[in-house]
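The model shown is predicted, which means the values in this text are computed figures rather than measured ones.
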Amino acid sequence: FSSNAFSSALNKIEIIGNDRISNETIKLFTDVKVNDEIDNNKLNSILKNLYETNFFKDISLNYVDQVLTINVIENPIIENISYEGIKNKKTLEIINQNTFVKSRSSYNENILKKEKKNIENILKDLGYYNTLINISVVETKNNLVDIIFNINLGKKAKIKKITFIGNKVFKDKKLRRIITSTEYKFWKFISGRKYLNEQTIKFDEALIKNFYLNKGYYDVEVNTSFAKLINDEEFELIFNINPKNKVFFNNLSLTLPDDFSESNFNNLRKLFIEVKGEPYSISIVNKILEEIDKITLNEEYKSISASVSESIYDDKFDINFDVKETEKFFVERINIFGNNITRESVIRNNLEIDEGDPFNNILQLKSENNLKSLNFFKSVSSEVIEGKNINSKIVNITVEEKPTGQISAGAGAGTSGGTFSFGIKENNYLGKGLGLEANATINSESFKGLFGVENPNFNNSDKALFGNIQAVEI
């Protein structure tokens with residue numbers, strides 16, 4: 001851009017070259033208005049703001065005699081996006097759900113490169129590690145373009161072998177039972193766990209770590225070299241485990257506010273004595289925290305927080321659970337975002353806090369865990385912000401939904417003839433939180449089947465209602 005070297009007040013904004021985007025919209029993007037002081041720093045900021053919109057291929061600024069002239073060349077608009085080379089409808093659906101370049105958005109070469117990397121990662125999560133993607137940009141009329149992703153999936157990456165290395169303490173056979181990934185065998189034609197999947201491997205790492213944390217290995221490290229290529233389509237999955245030293249519970253103590261009744265915590269102190277000398281277990285620590293939550297809530301200590309301080313010497317593990325009263329706040333509003341399928345009432349029925357209740361951090365975290373345990377969502381997060389009123393909080397809950405249905409099929413043959421089985425299971429039918437299951441097994445002589453429905457919160461009563469129809473043999 002060109003400008004005078006000194007600062008002066010803006011008198012006028014002129015815009016040249018825009019067709020689709022209005023003058024007023026561009027002025028809004030600049031974040032300046034008439035009579036604002038303009039200098040080189042402000043011009044740099046205007047240029048940055050305009051480029052960040054991704055609407056423009058080129059922008060030039062000219063500031064002379066207190067007149068700012070903005071000359072733009074607009075990016076084309078993406079009219080159509082297609083994915084060539086993928087026939088599986090489910091794979092196409094997953095790509096469409098997770099891509100960020102959409103029809104009617106502005107074409108930008110750098111963003112398209114990021115989208116290519118994004119699609120490669122999506123396909124890796126589905127087990128395709130040898131994917132080749134070429135992008136074709138076809139210019140049409142009126143500054144429009146069509147984007148074509150030409151995708152060669154290649155073969156799915158199979159897990160040929162699973163190996164555990166390091167001072168793992170436990171036998172490979174036991175560790176294999178803990179993880180969800182399995183070695184590829186030709187008869188496992190339904191299970192997808194035999195294919196390499198980065199998200200599954202991360203989950204496996206967490207499962208292994210949690211196993212060691214419950215066996216006394218407080219400082220365990222689980223690393224993975226992820227995968228070692230054996231041939232074009234087979235990998236060796238390697239987990240590197242360093243359990244470090246095994247530690248044992250020693251002195252467990254509890255610090256309470258002065259107005260808390262010590263007698264309410266007698267059972268908890270007995271538990272402290274019982275576990276002393278036992279191997280450290282993260283499950284026991286969580287159980288103690290849950291018990292503290294339960295006692296304090298039953299005694300109407302609504303505004304409290306609990307923290308844990310730990311110390312280790314040799315193989316001894318000391319823990320102090322510190323319970324403190326906090327300033328009292330009230331829940332002004334609870335906002336729920338991201339639930340396109342699951343009804344809001346289903347989510348709210350699983351919250352431990354409600355609008356108007358005293359805000360409690362423990363109950364808020366418990367509400368988040370309740371939603372995670374439904375297994376309806378890929379992710380659940382919550383944010384607590386200040387409310388409009390004094391001593392009030394607004395809770396924002398964001399969920400990302402995931403598929404909640406399963407389809408299974410199997411076939412077999414024996415001396416008595418062939419057998420075919422088929423099953424469908426849905427955990428969140430119509431977004432109402434209903435469980436639905438149907439399965440059937442058929443052979444030349446008989447038919448067995450089941451149809452069942454579960455409502456975990458019938459008529460908002462916190463009571464579950466089950467019903468099923470079963471054909472034992474026909």
Measure the spacing between [atom1] of [X] and [atom2] of [Y] and express it to the nearest 0.5 Å.
X: L374; Y: N369; atom1: CG; atom2: CG; answer: 11.0 Å
X: I292; Y: I288; atom1: CD1; atom2: CD1; answer: 7.0 Å
X: T200; Y: I159; atom1: OG1; atom2: CD1; answer: 8.0 Å
X: R20; Y: I77; atom1: CZ; atom2: CD1; answer: 3.5 Å
X: I119; Y: I133; atom1: CD1; atom2: CD1; answer: 5.5 Å
X: I151; Y: K116; atom1: CD1; atom2: NZ; answer: 10.5 Å

Contact between [X] and [Y] at the side-chain level, heavy atoms closer than 4.5 Å - yes or no?
X: F100; Y: K114; result: yes
X: F321; Y: V285; result: yes
X: L123; Y: T91; result: yes
X: P403; Y: E93; result: no
X: K246; Y: V220; result: no
X: F376; Y: I347; result: no
X: N223; Y: N242; result: no
X: I424; Y: E426; result: no

### Query
Under the side-chain contact (heavy atoms from CB on, under 4.5 Å) test, which residues partner D31, sequence neighbours left out?
N49
Specify the closest pair of heavy atoms between [X] and [Y], including all atoms of both residues, with the distance to one decimal.
X: R348; Y: I334; answer: NH2-O, 2.7 Å
X: L434; Y: N455; answer: CD2-CG, 3.5 Å
X: E437; Y: N439; answer: OE2-ND2, 3.7 Å
X: V346; Y: G433; answer: CG2-N, 4.0 Å
X: P243; Y: I241; answer: CD-O, 3.6 Å
X: L207; Y: I179; answer: CD1-CA, 4.2 Å

Using distance alone, with no hydrogens and no angle criterion, decide if [X] and [Y] have a side-chain donor and acceptor under 3.5 Å apart.
X: E115; Y: N118; result: yes
X: N245; Y: D219; result: no
X: S309; Y: D322; result: no
X: N375; Y: K402; result: yes
X: N54; Y: S106; result: no
X: E352; Y: N370; result: yes

### Message
As a quick check of understanding, evaluate side-chain contact (heavy atoms from CB on, under 4.5 Å) for R177 and K173, giving each step before the final call.
### Response
CA-CA 7 Å; R177 288 201 297 265; K173 184 178 180 180; 3.8 Å; yes
Lys/Arg N to Asp/Glu carboxylate O, [X] vs [Y], below 4.0 Å:
X: E205; Y: K202; result: no
X: K372; Y: E368; result: yes
X: K141; Y: E79; result: no
X: K393; Y: E332; result: no

### Query
Do E400 and T398 pass the side-chain contact (heavy atoms from CB on, under 4.5 Å) test, and can you show the C-alpha distance, the side-chain angles, and the key distance before you say yes or no?
CA-CA 7 Å; E400 182 182 356; T398 303; over 6 Å; no
### Message
Under 6.0 Å between ring centres: does that hold for F164 and F170?
### Response
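No, the ring of F164 stays outside the 6.0 Å limit from the ring of F170, centre to centre.
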### Message
Between Y212 and Y217, is the ring centroid distance below 6.0 Å?
### Response
yes
Can you confirm whether [X] is buried at [atom1], in the sense that more than 12 heavy atoms of other residues, nucleotides or ligands lie under 6.0 Å from that atom?
X: F337; atom1: CZ; value: yes
X: K102; atom1: NZ; value: yes
X: Q97; atom1: CD; value: yes
X: K48; atom1: NZ; value: no
X: K27; atom1: NZ; value: yes

Is it the case that the side chain of [X] and the backbone of [Y] share a donor-acceptor pair, with hydrogens and angles ignored and the cut-off at 3.5 Å?
X: N18; Y: I21; answer: yes
X: N88; Y: K90; answer: yes
X: E401; Y: T342; answer: yes
X: E74; Y: D19; answer: yes
X: S105; Y: V101; answer: no
X: Y83; Y: N96; answer: no

#### Entry: Steps toward ring pair (Phe, Tyr, Trp, His ring centres under 6.0 Å) verdict (F317, F248)
CA-CA 6 Å; F317 193 89; F248 299 83; over 10 Å; no
### Query
What orientation do Y218 and Y280 show, parallel under 30°, tilted 30 to 60°, or perpendicular over 60°?
perpendicular
### Message
Determine whether L126 and L153 satisfy the following criterion, side-chain contact (heavy atoms from CB on, under 4.5 Å), listing intermediate values before the conclusion.
### Response
CA-CA 10 Å; L126 297 174; L153 287 174; over 6 Å; no
### Task
Any chance you could lay out the side-chain hydrogen bond (donor to acceptor under 3.5 Å, both in side chains) test for D146 and N80, step after step, and finish with the verdict?
CA-CA 5 Å; D146 291 339; N80 299 303; 3.2 Å; yes
### Task
Determine, step by step, whether I148 and N134 satisfy the side-chain contact (heavy atoms from CB on, under 4.5 Å) criterion, reporting the C-alpha distance in whole Å, the side-chain angles of both residues, the deciding distance to 0.1 Å, and the verdict.
CA-CA 8 Å; I148 303 170; N134 293 312; over 6 Å; no
